[in-house]
A.B. asks: 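Sharing a structure below in structure tokens format, with a few things to ask.
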Amino acid sequence: MDIAKIFEALMLICFGAAWPLSIFKLYTTKQAGGKSRPFLVVIMTGYACGILYKIYGRFDAVIYLYALNLVMVAVDLALSWKYQQAEVRG
């Protein structure tokens, strides 16, 4: 395996390690204060660009890590939106 693929995979694993904790905390507390939806959209855009690069550039199994991270951020964004709306309604 190409050493660059290993480092790319490790980077995505490290970045992705935080999302399950963030989702769990948000789901259990149901408080979205301090969450930045624009920031989450930027992160999702980055992961989507990584997926497109893998599709149009160098396709390999690392695409699944990009997809997993994208899904986790999307879940975090959806929960954030849901609970921010609930906080506004009071």
Side-chain angles (χ1 to χ4, degrees):
M1 180 180 230
D2 181 17
I3 191 77
K5 289 179 188 178
I6 294 170
F7 287 128
E8 182 182 21
L10 288 172
M11 175 199 67
L12 289 167
I13 290 167
C14 290
F15 287 165
W19 296 118
L21 298 174
S22 177
I23 292 167
F24 179 76
K25 180 182 176 189
L26 183 57
Y27 183 75
T28 56
T29 65
K30 298 184 179 14
Q31 294 180 350
K35 286 279 186 177
S36 171
R37 287 187 284 177
F39 175 74
L40 294 174
V41 170
V42 169
I43 298 298
M44 287 177 59
T45 302
Y47 287 137
C49 289
I51 290 169
L52 291 171
Y53 170 72
K54 290 298 179 183
I55 291 170
Y56 293 110
R58 295 182 173 211
F59 188 86
D60 58 38
V62 177
I63 193 171
Y64 298 113
L65 292 173
Y66 281 107
L68 176 61
N69 284 346
L70 178 64
V71 168
M72 288 190 292
V73 178
V75 168
D76 200 33
L77 178 62
L79 288 175
S80 174
W81 185 80
K82 176 183 177 179
Y83 296 133
Q84 281 180 348
Q85 294 301 316
E87 289 172 7
V88 168
R89 283 180 272 174

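Basis for what follows: all heavy atoms, side chains included, without hydrogens, waters or symmetry-related copies. Just so you know, residue 1 is the first one in the sequence shown, and it goes up from there. Note that the coordinates shown come from a computational prediction; the quantities given were computed from them, not determined experimentally.
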A.B. asks: Is any side-chain heavy atom of Tyr83 closer than 4.5 Å to one of Gln31?
C.D. replies: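 In short, these two side chains do not touch, never coming nearer than 4.5 Å.
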
A.B. asks: To the nearest 0.5 Å, what is the distance between CH2 (Trp81) and CD (Gln85)?
C.D. replies: 5.0 Å

A.B. asks: Between Phe59 and Tyr56, is there a shared hydrophobic cluster once you connect ILVMFWY residues whose side-chain heavy atoms come closer than 4.5 Å?
C.D. replies: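 Result: yes, single cluster for both.
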
A.B. asks: Which pairs would a plain distance check flag for residues 61-73, meaning a side-chain donor or acceptor within less than 3.5 Å of a matching protein atom at least two apart in sequence or in another chain?
C.D. replies:
| unit_1 | atom_1 | unit_2 | atom_2 | d |
| --- | --- | --- | --- | --- |
| Tyr66 | OH | Glu8 | OE2 | 2.7 |
| Asn69 | ND2 | Leu12 | O | 3.1 |

A.B. asks: Considering non-hydrogen atoms only, spot the tightest contact between Ser80 and Ala32 and give its length.
C.D. replies: O-CB, 3.6 Å

A.B. asks: Has Phe15 got more than 12 heavy atoms of other residues, nucleotides or ligands less than 6.0 Å from its CZ?
C.D. replies: no

A.B. asks: Are Leu40 and Val42 grouped together when hydrophobic residues (ILVMFWY) are joined by side-chain heavy atoms under 4.5 angstrom apart?
C.D. replies: no

A.B. asks: Any heavy-atom pair between the side chains of Lys54 and Ile51 that's under 4.5 Å?
C.D. replies: no

A.B. asks: Identify whether Val75 and Ile13 are in the same connected component of the hydrophobic contact network (ILVMFWY, side-chain heavy atoms under 4.5 Å).
C.D. replies: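 Linked within one cluster.
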
A.B. asks: Evaluate the criterion side-chain contact (heavy atoms from CB on, under 4.5 Å) for residue pair Lys82 and Lys30; output intermediate values, then yes/no.
C.D. replies: CA-CA 9 Å; Lys82 176 183 177 179; Lys30 298 184 179 14; over 6 Å; no

A.B. asks: Report yes or no: do Ile6 and Tyr53 belong to one cluster of Ile/Leu/Val/Met/Phe/Trp/Tyr joined by side chain heavy-atom distances under 4.5 Å?
C.D. replies: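 Unlinked, Ile6 and Tyr53 end up in two clusters.
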
A.B. asks: Decide if atom CZ of Arg37 counts as having more than 12 heavy atoms of other residues, nucleotides or ligands within a radius under 6.0 Å.
C.D. replies: yes

A.B. asks: Name every donor-acceptor pair, under 3.5 Å, that has one atom in a side chain of residues 18-27 and the other anywhere in the protein, sequence neighbours excluded.
C.D. replies:
| unit_1 | atom_1 | unit_2 | atom_2 | d |
| --- | --- | --- | --- | --- |
| Ser22 | OG | Lys35 | NZ | 2.5 |
| Ser22 | OG | Asp76 | OD1 | 3.3 |
| Ser22 | OG | Asp76 | OD2 | 3.2 |

A.B. asks: How many angstroms lie between CD in Gln84 and CG in Leu77, if you round to the nearest 0.5 Å?
C.D. replies: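 Here the interatomic distance stands at 9.0 Å.
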
